[in-house]
Amino acid sequence: MRFFLSMALCELCAVFRSKKTLLFLCALPVCLALAAAAAPENLLQPAVPVGICVPEGSERGGELLELLRENAGVIEFIPADEDTLRRSVASGQWECGYILRDDFDERCAARRYSRLFTLVISDGSSVHGLVSEAVSSAMLVLAAPDIGSDYLESAGAVPPDGGWTLDDWERLEIVPASGSGSVPAGTGDVLASSLLRSAAAVMLTVIAAAFGDALAIRRRSPQWRALAALRGETALMLPVLAVRFALLFAIAELSLLALGEGSRPGLLAALCLALAGLCDLLTNLPGGWSAAALPFLPAAMLILCPVLFDVAAIMPSLAPVSDILAATHYLRGELSPLLMQAAVFFFAAAALRRLNKI
């Protein structure tokens, strides 16, 4: 334990002595803070994206969707299957989502209007309450004729040949989620913050890859080889990786604070652990590759990770490639895949080190 603490302290001192490394680490939270402060309101889009999952062949569900699209004000309701809806909400691309029951039509016909929807929201959701008002209002319009006819029949009224109908002036109106034609205050900030949070996850991956390349170069040095021959490669790597994990976690926390967001410490720690595992795995490569590869990594991750869109939903063949990236699972809010990925990376790195000794 004494050796571990001594190595960790030496590693931490080396990081703070390097001006380039410090500047590199501090650049991310500082740039995010400046971007968050400079981002104008309503940056991303004029509508609030909301997912809705309508059972296949549901007539009443289709009617409800049409009502929402016609009268929902600034909200854009996007039809999607349940998996796509949950991924898009978890990644922050959509404000929230509504999943209709499979027996939606049957329950409407039986006048059983309780628990018709499952509401899916993310941690950053800010206007789902207002969206729920619009959905409830549309549902009331859909159910009003049935409720009215039931009341008239219970009162003994005889329905006409064509059934009960309402004149246009007697119909209910759907109340939009916003009384004005603009996005509610703060919504643009939330959407912009979601994009900046995605950028932070991408840049943390870049930093972890740069750490891995630097450690790969150090592992080939005579000083490292001499010390590894005395204490063992694993004993040297553990404190170094522990310091890198702590640095990644600290940078991530500072970045979220710069965006004015609360963090999910468990999910954030799992992301940093997976990135530390990636760093460990990359130390087994020949050093010096980062200068050529890292400039292209952010652009590739913007496509493969659910930042601007979910490529796995559009091109399922790219889903395995997207799932390799820890940022993908972080943006979807998936804890278990991150922990499994960290375990795989550390195990693969240990196996490669053992193979290199043979």
Side-chain angles (χ1 to χ4, degrees), residues 1-28 200-252 255 268-298 300-301 324-327 330 338-339 341-358:
M1 179 59 90
R2 183 177 298 178
F3 178 78
F4 178 91
L5 294 176
S6 299
M7 282 294 298
L9 183 60
C10 290
E11 181 70 16
L12 198 58
C13 291
V15 170
F16 283 103
R17 281 197 304 265
S18 174
K19 294 181 180 180
K20 287 185 178 180
T21 304
L22 275 180
L23 182 63
F24 186 52
L25 295 177
C26 294
L28 177 59
V202 171
M203 293 311 299
L204 283 172
T205 306
V206 174
I207 292 173
F211 279 166
D213 187 35
L215 289 175
I217 295 174
R218 193 196 303 181
R219 283 188 60 207
R220 272 69 180 176
S221 66
Q223 296 87 349
W224 181 279
R225 291 178 181 273
L227 195 55
L230 293 174
R231 305 292 303 196
E233 189 82 19
T234 303
L236 291 183
M237 288 299 298
L238 282 178
V240 172
L241 291 173
V243 170
R244 303 291 170 167
F245 165 78
L247 288 172
L248 288 172
F249 187 77
I251 296 168
S255 299
L268 199 60
L271 170 66
C272 296
L273 191 62
L275 293 179
L278 175 65
C279 175
D280 189 20
L281 184 61
L282 293 177
T283 60
N284 295 279
L285 297 178
W289 54 267
S290 61
L294 288 187
F296 301 99
L297 183 59
M301 291 186 65
I324 292 175
L325 301 170
Y330 171 72
L338 283 173
L339 296 176
Q341 194 172 66
V344 169
F345 284 157
F346 282 121
F347 178 80
L352 285 175
R353 279 196 293 271
R354 180 167 294 186
L355 287 173
N356 290 334
K357 292 180 180 180
I358 300 176

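Heavy atoms only: backbone and side chains are in, while hydrogens, waters and symmetry mates are out. Positions are given from 1, in the same order as the sequence printed here.
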| request: Report the C-alpha distance between Phe249 and Leu204 in whole Å, list the side-chain angles of each, state the deciding distance to 0.1 Å, and finish with yes or no for side chain to side chain contact (heavy atoms under 4.5 Å, CB included). | output: CA-CA 9 Å; Phe249 187 77; Leu204 283 172; over 6 Å; no
| query | Okay, side chain of Arg354, backbone of Ala350: is any donor-acceptor separation there less than 3.5 Å? | reply | no
| message | Take a 6.0 Å sphere around CZ of Phe16 and say whether it holds more than 12 heavy atoms from other residues, nucleotides or ligands. | response | no
Supply the atom-to-atom distance [X] [atom1] to [Y] [atom2], rounded to the nearest 0.5 angstrom.
X      : Y      : atom1 : atom2 : value
Leu297 : Ser290 : CG    : OG    : 11.0 Å
Ile217 : Leu215 : CD1   : CG    : 9.5 Å
Met7   : Arg231 : CE    : CZ    : 10.0 Å
Arg353 : Thr234 : CZ    : OG1   : 5.5 Å
Arg244 : Leu275 : CZ    : CG    : 13.5 Å
Leu238 : Glu233 : CG    : CD    : 10.5 Å

| task | Please step through side chain to side chain contact (heavy atoms under 4.5 Å, CB included) for the pair Val240 and Phe211, ending with a clear verdict. | result | CA-CA 10 Å; Val240 172; Phe211 279 166; over 6 Å; no
| remark: With sequence neighbours left out, the residues meeting side chain to side chain contact (heavy atoms under 4.5 Å, CB included) with Ala210 are Phe24, Leu294
| message | The criterion is side chain to side chain contact (heavy atoms under 4.5 Å, CB included); which residues satisfy it with Ala201, sequence neighbours excluded? | response | Ala327, Tyr330, Leu331
Looking at every heavy atom in both [X] and [Y], which two are closest together, and how far apart are they?
X      : Y      : answer
Arg219 : Arg225 : O-CG, 3.8 Å
Ala326 : Leu338 : O-CD2, 3.3 Å
Met301 : Leu325 : CG-CD1, 4.2 Å
Cys279 : Ala208 : CB-O, 3.8 Å
Pro286 : Arg220 : N-NH2, 4.4 Å

| note | Only residue of Phe346, Phe245, Phe347 satisfying side chain to side chain contact (heavy atoms under 4.5 Å, CB included) with Asp280 is Phe346
| Is there a side-chain contact between Asp213 and Leu282, using heavy atoms and a 4.5 Å cut-off? | no
| field | Note: Glu11-Arg218 ion pair, threshold 4.0 Å (strictly below) | value | yes
